[in-house]
Amino acid sequence: MSVPSKKYYGVIGNPIKHSKSPEIHNAWFKQYHIDGIYEPFLVEDVAEFVKAAKQKPLAGFNITVPHKESILEFCDSHSDAVKAIGAANTVVLESNSEQWRADNTDYLGFLKVCDDDLKISLEAKRVLLIGAGGSAKAILYALLLRKAASIVVVNRSEERAETLIKGMCASFSKTPMKSYDINYLNNRVFLEGFDVIVHTTSVGLYNRDDCVFNDFSWMLKKPIVIDILYQDTKLLKEAKRLNCLVSGGFPMLLYQAQYAFELFTGVFPETLSVETL
Ligand code: ATR
């Protein structure tokens, strides 16, 4: 009789202490009686980690800031989404081989928020994407897949917004895309031209009262507001107060983890409530 051996998983990042992924994945291992363990790894140097991981060995791992791009060169194959987005959040050791496959479930998490929670169709929506980092890349890909009517990217560094748009190259999409300087977030008329506003910067992460907006009167037009930060940010509070349809970051985190868990184990797990974590 063969005894199934424990499989090791984890999440790499820097910092990593704040990550909720270990709690989420370990809760599912327990719930589905799968002999796995998931640990956080504080990683400064991806190359060093890769050397150590091949010895451990890890059956799969997630990647968070700042390694979502640098991990790609160490993987043997890349999903179409990873190729388009240019970043991975999940790596799986393919069965019967020593090959690492990079995947991205962040964009799937975002789409599940829109489909299941907000119940909105992105098609024909005019979308404002605030931020041009790793999370914004995955969300931009999701918006293009769903044929948003138009996408404007606003970022502190406008050059990075420009690079994001060009990098995605939209070869599979006809959606018009433009970038603007972050000062446009003070322009009410500009803001009133969007149906969906997605905030992906780290402003509000360390201090909930920090916000990329100084004024919220544009919300009277009732756009859909999505903030990918887990906290109850000022942006979300104001959007709720003005009765906009909103989503915070926890559902997207949970949903990307569901898809990653499925890649790791073949099981698509049930959602968990934030209170259980
Ligand atoms: P993630 O992968 O979570 O998106 P990231 O790649 O570090 O993280 O990106 C962070 C985002 O927050 C970027 O859009 C960054 O803007 P820059 O590209 O100009 O750096 C944005 N950001 C961070 N601090 C900010 C601040 N104080 N004001 C405005 N934007 C900020």
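Both counts, for ligands and for their atoms, begin at 1 and track the order of listing.
Nearest to atom 14 (O) of ligand 1 among the protein's heavy atoms is N155 OD1, 2.7 Å. At the top of the distance list for atom 25 (C) of ligand 1, counting protein heavy atoms only, stands R156 NH1, 3.3 Å. Nearest protein heavy-atom neighbour of atom 8 (O) of ligand 1: V65 CG2, 4.1 Å. When only non-hydrogen protein atoms are considered, atom 9 (O) of ligand 1 lies nearest to G133 CA, 3.5 Å.
For Y9 and F29, the gap between ring centers is short of 6.0 Å.
Between W28 and E270, the shortest heavy-atom distance links the atoms NE1-O, 2.9 Å.
Close N/O approach between T201 and ligand 1 is not found [any backbone or side-chain N/O within under 3.5 Å]. Between V212 and ligand 1, no pair of N/O atoms sits closer than 3.5 Å.
For the pair K7 and F264, the cation-pi criterion (under 6.0 Å, within 45° of the ring axis) is not fulfilled.
At a threshold of 4.5 Å between side-chain heavy atoms, the hydrophobic network of Ile, Leu, Val, Met, Phe, Trp and Tyr places L140 and Y184 in two separate groups. Tracing side-chain contacts under 4.5 Å through hydrophobic residues (I, L, V, M, F, W, Y), one reaches L235 starting from L191; they form part of the same cluster.
Under the 4.0 Å distance rule, the nearest protein heavy atom to atom 19 (O) of ligand 1 falls inside the cut-off.
Nearest residue to atom 2 (O) of ligand 1 from G134, A136, G131 is G134 (criterion: closest heavy atom).
Results of the side chain to side chain donor-acceptor pair (under 3.5 Å) test with Q256 over T90, N89, N104 single out N89 as the only residue that passes.
Atom numbering of ligand 1 starts at 1 in the shown order; those under 4.0 Å from a heavy atom of V203 are 25 (C), 26 (C), 27 (N), 28 (N), 29 (C), 30 (N), 31 (C). For ligand 1, the atoms sitting less than 4.0 Å from at least one non-hydrogen atom of S157 are 19 (O), numbered in the order shown with element in parentheses. Counting atoms of ligand 1 from 1 in the listed order, those under 4.0 Å from a heavy atom of R160 are 6 (O), 9 (O), 13 (C), 17 (P), 18 (O), 20 (O). Using a 4.0 Å cut-off to heavy atoms of S135, the atoms of ligand 1 that qualify are 1 (P), 2 (O), 3 (O), 4 (O). Distances below 4.0 Å separate heavy atoms of S202 from the following atoms of ligand 1: 12 (O), 22 (N), 23 (C), 24 (N).
T233 and D227 form a side-chain donor-acceptor contact under 3.5 Å, judged by distance and modelled atom types alone.
Under the 4.0 Å criterion applied to side-chain N and carboxylate O atoms, E162 and K166 are assigned as salt-bridge partners.
Other residues, nucleotides and ligands place more than 12 heavy atoms under 6.0 Å from the CZ atom of F250.
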